[in-house]
2 protein chains.
Amino acid sequence: MPHIGTQDNPAVSTIRILLVDDHPLVLEGISARLESEPGIEVIGQANNGQQALEKAAELKPDVVLMDISMPVMNGLEAAEHFKNDQPEARVLILSMHENREYIVKMIQSGAAGYVLKDVSSDELIRAIQTVHQGGTYFSAGASEALFSEFSKSDQPEKPDTGLTKREEMVLKLIAEGKVNKEVARALDISVRTVETHRQNIKQKLNIQTAAGLTKYALEHNLISL
Amino acid sequence: MPHIGTQDNPAVSTIRILLVDDHPLVLEGISARLESEPGIEVIGQANNGQQALEKAAELKPDVVLMDISMPVMNGLEAAEHFKNDQPEARVLILSMHENREYIVKMIQSGAAGYVLKDVSSDELIRAIQTVHQGGTYFSAGASEALFSEFSKSDQPEKPDTGLTKREEMVLKLIAEGKVNKEVARALDISVRTVETHRQNIKQKLNIQTAAGLTKYALEHNLISL
DNA sequence: CAATCTCTACGTATTACTACCTAGAATAGA
DNA sequence: TCTATTCTAGGTAGTAATACGTAGAGATTG
């Protein structure tokens, strides 16, 4: 327990942690490891979300290190409550679920980070420090799960559009909002040629309108917003 | 400067860093600070994205710490190239831009993290360690910018377009690829009215073409892909 | 080398969109 | 209540896009 009036860590204040997990063993293990770390102090433990909220209200932890799956009140609900009732507390999720949905939900519920249980204790400590400083932390597996779609969505599959290069080029320019005349100028070809391309494109893609073309181009990442 | 052949850090291999920034002063400062950190080694520097790619190909850094705004080839483009050409290198963006668009784009371009230039050197080092271990790091400001909408994203915010409800409706239908006649039928109004709406919309948004309208609608979440 | 594909370009007619107006009815706000 | 806004609708003209053709030059390929 913290004492007052004597010399504590001078410059860096200790990060006060509330540990929440329904497995006593996990609780103990992590607690022991964290306690051995200077600058980190485990000020309390809880077995479920309900308890966590109560203890947090009393202890005012800096960081709440919490599991997701728990009885009584799971990490998701608990995170919601933390966001509303005790926004000062930074919630760091410690989970074994690598599921994207989970992670996104946790973020939306206000969690500041998400580490998988397979991380090293060093990494866990780094995560704690990060969220304490206001940052966001995702461990490798989590960030992968979280951003895999995100990042792949850049140029995912270039699914064979059936369009020729030239047609794609024309489509791209049209989708960007250029009129035929401008496209023609840009590609240094006749307006009629552009029209021909345009027609062929629409025929190939079975699209009728200009707006449809733009939508198509966006869907297929020929252009970006 | 690094030496070879003598005792380096034994268990933990050194994190080899390539620093990229177009400001020599920044380069020097960060480099000096990082060099003082055990476990981190600045193996090279570059002034722009182009150089960064070349040097990286040669030096094979673990982490590329890179600015966004640079001449010749900016961080965004460079990150793209890294993703494609040297995916082993983890790209950590060091930027002063707190803009959400920037951050999202960087992630989509394959960056493993994004730290604002106002972070402490301790935090920067933590970020480096994080991305090196495969994690994702966002500093406080960045994660805030990144997830503020995300968290709210239950209803993906509708920024005031200045359009009336009816105009939005028309715009939506147009953006979906409907021609005026279809819009008119859908809303049970005259084609002329749709045309009027269309004109007003274009005037309000300062957009000239139909394709532009679609793009606008997509950008502003009036419709989704 | 003939067949195919791609890119280029034009003709003609029709339809759609655009620009720039006016204007009435309904509604919301000061 | 007066006013501004919104939604409705139209006139007139010009510009752009579409539909449906044809067709030559150049590259690719079986």
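Labels below follow one simple rule: chain letters A, B, ... track the order of the sequence lines, proteins then strands, and each chain is numbered from 1.
B:Glu35 places no side-chain N or O within donor-acceptor distance of the main-chain N or O of B:Ser31, the cut-off being under 3.5 Å. The closest donor-acceptor contact from the side chain of B:Thr130 to the backbone of B:Arg126 lies under 3.5 Å. B:Thr14 places no side-chain N or O within 3.5 Å of a backbone atom of B:Gly39 that could act as its donor or acceptor partner. Formation of a donor-acceptor pair under 3.5 Å by the B:Arg90 side chain with backbone atoms of B:Gln133 is not found in this model.
Taking atom CZ of A:Arg166 as the reference point, atom C1' of D:dG26 lies 14 Å away to the nearest angstrom. The distance between atom NZ of A:Lys202 and atom P of D:dT18, rounded to the nearest whole Å, is 3 Å. Taking atom CZ of A:Arg198 as the reference point, atom C1' of D:dA19 lies 13 Å away to the nearest angstrom. Distance, B:Asn200 CG to D:dA9 C1': 12 Å, rounded to whole Å. Between the CD atom of B:Glu167 and the P atom of D:dT8 there is a distance of 10 Å, given to the nearest Å. Across the protein-nucleic acid pair, A:Asn206 atom CG and D:dA19 atom P stand 11 Å apart, rounded to whole Å. Distance CD (B:Glu195) to P (D:dT12): 14 Å, rounded to an integer number of Å.
Checked against side-chain contact (heavy atoms from CB on, under 4.5 Å), B:Ser95 has the following partners two or more places apart in sequence or in another chain: B:Ile68, B:Ile93, B:His97, B:Tyr114. By the salt bridge (Lys or Arg N to Asp or Glu O under 4.0 Å) test, B:Arg192 is found to be paired with B:Glu195, residues two or more places apart in sequence or in another chain being considered. Not a single salt bridge (Lys or Arg N to Asp or Glu O under 4.0 Å) links B:Asp85 to another residue, sequence neighbours left out. B:Glu167 pairs by the salt bridge (Lys or Arg N to Asp or Glu O under 4.0 Å) definition with B:Lys204, not counting sequence neighbours. Legend: residues meeting side-chain hydrogen bond (donor to acceptor under 3.5 Å, both in side chains) with A:Arg198, ordered by chain and number and at least two apart, are A:Asn180. When the salt bridge (Lys or Arg N to Asp or Glu O under 4.0 Å) test is applied to B:Lys55, no partner is found at least two apart in sequence or on another chain. For the side-chain hydrogen bond (donor to acceptor under 3.5 Å, both in side chains) test, no residue two or more places apart in sequence or in another chain qualifies with B:Gln129.
Across its full length, the helix from C:dC1-D:dG30 to C:dA30-D:dT1 shows an angle of 50° between the axes of its 5 terminal pairs at either end, rounded to 10 degrees.
Between chain A and DNA chain C, the heavy-atom contact criterion of under 4.0 Å yields a 5' to 3' nucleotide range of C:dT6 to C:dT12.
Remark on DNA chain C: of its neighbouring residues B:Thr196 and B:Leu213, the 5'-side contact belongs to B:Leu213, judged by nearest-heavy-atom nucleotide.
Within 6.0 Å of CD in B:Glu88 there are more than 12 heavy atoms belonging to other residues, nucleotides or ligands.
Residue pairs that meet the salt bridge (charged side-chain N to carboxylate O under 4.0 Å, His left out) test with at least one member in residues 56-70 of chain A, sequence neighbours left out, are A:Asp67-A:Lys117.
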Check nucleotides 2-4 of chain D for protein N or O atoms closer than 3.5 Å to its own N or O atoms and list the pairs.
none

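Of the residues in residues 179-194 of chain B, those lying under 4.0 Å from DNA chain D by heavy-atom distance are B:Ile189, B:Ser190, B:Arg192, B:Thr193.
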